[in-house]
Amino acid sequence: MARPATPFISIVIPAYNESANILPFYHALSDFLNKQSWQHEIIYVNDGSQDDTADLITSLKAKSPTIKLINFSRNFGKEAATTAGIRTAKGDAVIMMDADGQHPIELISTLVEQWLDGAEVVVGVRKSNQREGAVKRYGSRLFYKILNSLTDGNTRAGSTDYRLIDRKVANQFNELSEHNRITRGLIDWLGFNRAYVEFSANARAAGKASYSFRMLVKLALHAFVSQSTLPLLFTGALGLFVMTASALLGVFMVIDKYLLGDPLSLGISGTAILAVFLSFLVGIVLGCQGLLALYIESIHNETQNRPLYVISEDD
Ligand code: UDP
Ligand code: MG
């Protein structure tokens, strides 16, 4: 894979109420970048911060032409912010990282090296973070288990948003139009040559994580729903199971009681037969929901409007 002699690297940083982190993070980042042989731009996306995040970035921008700032009119969430940054990025490769110092700056070298070696997507994989609460750690492990069993299984546990994507991947990413989006899920869906790089996340430098537990659960549910329609089909399968089981049981009960005169002395009551009949009806209802789910699945796929395929190499 031919890479430019002097690569141009875009760094996308979504920031929401990060006033305490902006300056220290920027200084560390620019010290690092100035030592590299490649060119760079830093794209901050201010996701509707209520503190002075925007002012701080604006003052940095006045001093350095490599900084770009996108200001959102309100808080739209990190996924939207990252998307805006990738759409603005001009680089041969685009790196996305958090503004809170959790993504180690030195790892950028490794991301770029892997890219220069031919990888088109380089994913930062987080070694387990002891500082995080048990709920978050086990929750995230469970999340990847379920996600991989629902999808093609190409999401590595611990994969983060800290990653580099080649220009080709960024161009394809920019074509995706769905609103309900998880950036890394979309990048995983796109495929391309991947490399994985392990890192251990730093503690948040200052401020607190803005994703509450409730939002994380919501995000996880979104991930399942946008990456897979299996949960929908599950109701149908359940309905078929309930229907079949009740039908078999009902037929057995009727034959035993009325045709054979209860040779096993089970003493099946009319109420029991009625109960089984009712659960048969419930099975039919659930089964019909499964049928509806098939239609919804097809609508879901059409509205996501993802490309039919993604080509890795144009001639
Ligand atoms: N972020 C954002 N919009 C939001 C929430 C967070 O742009 O609504 C940014 C935040 O400033 C940080 C990154 O996304 O740069 C990760 O956020 P956070 O540290 O809160 O999440 P976590 O580290 O728990 O993934
Ligand atoms: Mg963080």
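First listed ligand is number 1; within each ligand, the first listed atom is number 1.
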**Student:** Provide the number and element of each atom of ligand 1 under 4.0 Å from a heavy atom of Asn75.
**Tutor:**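 In order of number, 3 (N), 4 (C), 8 (O).
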**Student:** Mind listing the side-chain donor-acceptor pairs of residues 269-296 below 3.5 Å, one per line with the distance, residues two or more places apart or on another chain?
**Tutor:**
from: Ser269; atom 1: OG; to: Ala272; atom 2: N; distance (Å): 3.1
from: Ser279; atom 1: OG; to: Ser246; atom 2: OG; distance (Å): 2.8
from: Ser279; atom 1: OG; to: Val276; atom 2: O; distance (Å): 3.2

**Student:** Please say whether Ala99 places an N or O atom under 3.5 Å from an N or O atom belonging to ligand 1.
**Tutor:**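 Right, the criterion is met.
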**Student:** Taking heavy atoms and a distance under 4.0 Å, where does Asn17 meet ligand 1: side chain, backbone, both or neither?
**Tutor:**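 For Asn17, no heavy atom sits under 4.0 Å from ligand 1.
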**Student:** State the atoms of ligand 1, each with its element, that fall below the 4.0 Å cut-off from a heavy-atom position in Gly77.
**Tutor:**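 Contacts of ligand 1 toward Gly77, numbered from 1: 3 (N), 8 (O).
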**Student:** Check this for me, if you would: do Arg163 and Asp188 make a salt bridge, where the nitrogen-to-carboxylate-oxygen distance has to be below 4.0 angstrom?
**Tutor:**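 Yes, Arg163 and Asp188 are salt-bridged.
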**Student:** Near Glu18, which atoms of ligand 1 are under 4.0 Å from a heavy atom of that residue?
**Tutor:**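 Taking each heavy atom of Glu18 in turn, ligand 1 has 10 (C), 11 (O), 12 (C), 15 (O) under 4.0 Å.
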**Student:** Is Asp166 paired with Arg3 through a side-chain N to carboxylate O contact shorter than 4.0 Å?
**Tutor:**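 Yes, Arg3 and Asp166 are salt-bridged.
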**Student:** With heavy atoms of Gln102 as the reference, note each atom of ligand 1 found under 4.0 Å away.
**Tutor:**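 That gives atoms 19 (O), 23 (O) of ligand 1.
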**Student:** Is the shortest distance from a Lys or Arg side-chain nitrogen in Asp161 or Arg184 to a carboxylate oxygen in the other one below 4.0 Å?
**Tutor:**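 A salt bridge links Asp161 with Arg184.
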**Student:** Verify the neighbour count for atom CZ of Phe32: are there more than 12 heavy atoms of other residues, nucleotides or ligands below 6.0 Å?
**Tutor:**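 Atom CZ in Phe32 is crowded, with more than 12 foreign heavy atoms closer than 6.0 Å.
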**Student:** Near the Mg ion (ligand 2), which protein N/O/S atoms are found at less than 2.8 Å?
**Tutor:**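 Near the Mg ion (ligand 2), below 2.8 Å, one finds Asp100 OD2, Gln102 OE1.
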**Student:** Which atoms from ligand 1 have a heavy atom of Asp100 less than 4.0 Å away?
**Tutor:**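 Checking each atom against Asp100, I get 19 (O), 23 (O).
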**Student:** Take Ile165 and Glu120 through the test side chain to side chain contact (heavy atoms under 4.5 Å, CB included) and record every step on the way to the result.
**Tutor:** CA-CA 6 Å; Ile165 58 178; Glu120 290 156 313; over 6 Å; no
**Student:** Same cluster for Leu33 and Phe25 if Ile/Leu/Val/Met/Phe/Trp/Tyr side chains link at under 4.5 Å?
**Tutor:**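 Same cluster.
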**Student:** For Pro263 and Asp256, which heavy atoms make the closest approach, and how far apart are they?
**Tutor:**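 It is CD-OD1, 3.6 Å.
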**Student:** Counting heavy atoms only, which part of Lys78 comes closer than 4.0 Å to ligand 1: side chain, backbone, both or neither?
**Tutor:**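 Looking at Lys78 and ligand 1, atoms from backbone and side chain both fall under 4.0 Å.
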**Student:** Using a strict 4.0 Å cut-off to heavy atoms of Asp47, name the atoms of ligand 1 that fall inside it.
**Tutor:**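 Checking each atom against Asp47, I get 2 (C), 3 (N), 4 (C), 7 (O), 8 (O).
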**Student:** Just which atoms of ligand 1 are under 4.0 Å from any heavy atom in Pro14?
**Tutor:**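 Under 4.0 Å from Pro14, ligand 1 has these atoms: 7 (O), 9 (C), 10 (C), 11 (O), 12 (C), 15 (O).
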**Student:** Could you tell me, atom by atom, which parts of ligand 1 come under 4.0 Å of a heavy atom of Ala15?
**Tutor:**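 Matching atoms, with element in brackets: 7 (O), 11 (O).
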**Student:** For residues 32-49, which residue pairs qualify under salt bridge (charged side-chain N to carboxylate O under 4.0 Å, His left out), counting only residues two or more places apart or in two chains?
**Tutor:**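 Qualifying pairs: Glu41-Lys68.
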**Student:** May I ask you to check if Arg74 and Phe72 form a cation-pi contact, with NZ or CZ under 6.0 angstrom from the six-membered ring centre and within 45° of the axis?
**Tutor:**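 No, Arg74 does not lie over the aromatic ring of Phe72.
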**Student:** Listed by chain and number, what are the side chain to side chain donor-acceptor pair (under 3.5 Å) partners of Ser30, not counting sequence neighbours?
**Tutor:**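 Expected list: none.
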